[in-house]
Amino acid sequence: MEPPLRAAAVCVAAIISQHRPNVLPLKREIDLHVSPAVTESLDAMTERKLERIVIDLSRTTYIDSAGLAALILAMQNVQAFGGKFFLAGLNETMRSIFETLRLNQIFQIFPDVDAALAASTFCSSPTPSHECNLANYRVCSRDFVQP
């Protein structure tokens, strides 16, 4: 069993310093040990009732059910006050996890943070059954047709 100080250091290390108030960059593995810190950060963002929240997963290598539960709960909380919740930068492993669990049909997923921030004012679906992806569509696959 990990000593409490080491576990806390791992949790803090999973959350990268935020430079934008509505972007939460995460790194490494988001698992049972890290998800409480992620939940705390997401709760703080949700309490501010930000119009949109983007979770940057470009440096995340793995996510387990506890991490997924934290993201789902945060998305529900954001949508409850009319905000938008986006995921960005999923690598191939992360994308595979979300696709296997069909969570790519629940979350709005973008290739990177900039795409999520650019499209967030245009994607109108609060609970999409699509994937907003600027690499393939002008702004959002639900709102526009392919170029």
Side-chain angles (χ1 to χ4, degrees), residues 8-147:
V10 170
C11 290
V12 171
I15 301 172
I16 303 169
S17 175
Q18 290 176 262
H19 298 291
R20 296 181 260 194
N22 60 333
V23 177
L24 180 64
L26 302 176
K27 66 179 181 178
R28 299 185 183 146
E29 295 183 0
I30 308 303
D31 60 15
L32 180 64
H33 302 290
V34 174
S35 61
V38 172
T39 298
E40 186 177 320
S41 295
L42 289 167
D43 287 347
M45 294 174 81
T46 304
E47 285 175 13
R48 291 184 290 184
K49 296 199 184 311
L50 298 169
E51 179 182 327
R52 60 189 175 202
I53 293 177
V54 178
I55 309 304
D56 181 3
L57 297 171
S58 61
R59 295 176 58 189
T60 304
T61 56
Y62 175 78
I63 190 166
D64 71 0
S65 59
L68 291 170
L71 294 179
I72 291 168
L73 181 61
M75 179 184 66
Q76 290 171 337
N77 291 339
V78 170
Q79 289 175 348
F81 66 77
K84 295 181 186 259
F85 189 88
F86 303 126
L87 303 181
L90 278 70
N91 63 35
E92 192 171 321
T93 301
M94 292 290 288
R95 183 170 291 281
S96 176
I97 292 168
F98 278 79
E99 288 175 355
T100 299
L101 298 172
R102 298 185 190 263
L103 292 174
N104 60 321
Q105 297 176 12
I106 303 300
F107 289 102
Q108 291 183 356
I109 301 173
F110 291 85
D112 56 50
V113 170
D114 291 334
L117 292 172
S120 64
T121 57
F122 298 105
C123 285
S124 60
S125 175
T127 53
S129 59
H130 70 288
E131 192 172 86
C132 293
N133 183 334
L134 290 181
N136 298 324
Y137 298 89
R138 289 189 185 154
V139 177
C140 177
S141 61
R142 184 177 196 118
D143 298 332
F144 295 91
V145 295
Q146 274 188 293

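All values derive from a computational prediction rather than experimental measurement. Residue numbers start at 1 and run along the sequence shown.
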Item to check | Flag, side chain of Asn91 to backbone of Thr60, donor-acceptor distance under 3.5 Å | outcome: yes

Checklist entry - What heavy-atom pair brings Asn22 and Leu50 nearest, and what distance separates the two atoms? => result CA-CD1, 3.9 Å

Checklist entry - Using 30° and 60° as the class limits, which term best fits the ring planes of Phe107 and Phe85: parallel, tilted or perpendicular? => result tilted

Next on the checklist: Using a 3.5 Å distance criterion without hydrogens, assess whether the side chain of Thr100 forms a donor-acceptor pair with backbone atoms of Ser96.
Outcome noted: yes

Checklist entry - Do the non-hydrogen side-chain atoms of Leu42 and Leu71 ever get within less than 4.5 Å of each other? => result yes

Next on the checklist: So which atom in Ala66 and which in Leu32 form the shortest heavy-atom distance, rounded to 0.1 Å?
Outcome noted: CB-CA, 3.9 Å

Checklist entry - Looking at side-chain heavy atoms only, is the closest gap between Leu24 and Ile53 below 4.5 Å? => result no

Checklist outcome for this item: With sequence neighbours left out, the residues meeting side-chain contact (heavy atoms from CB on, under 4.5 Å) with Glu40 are none

Checklist entry - Has the side chain of Asp56 got a donor or acceptor atom that lies under 3.5 Å from a matching backbone atom of Val23? => result no

Checklist entry - Can you list the residues that meet the side-chain hydrogen bond (donor to acceptor under 3.5 Å, both in side chains) rule with Thr93, with sequence neighbours excluded? => result none

Item to check | Any Ile63 side-chain heavy atom under 4.5 Å of Met94 side chain | outcome: yes

Next on the checklist: In the structure I gave you, are the side-chain heavy atoms of Phe86 and Val113 within less than 4.5 Å of one another anywhere?
Outcome noted: no

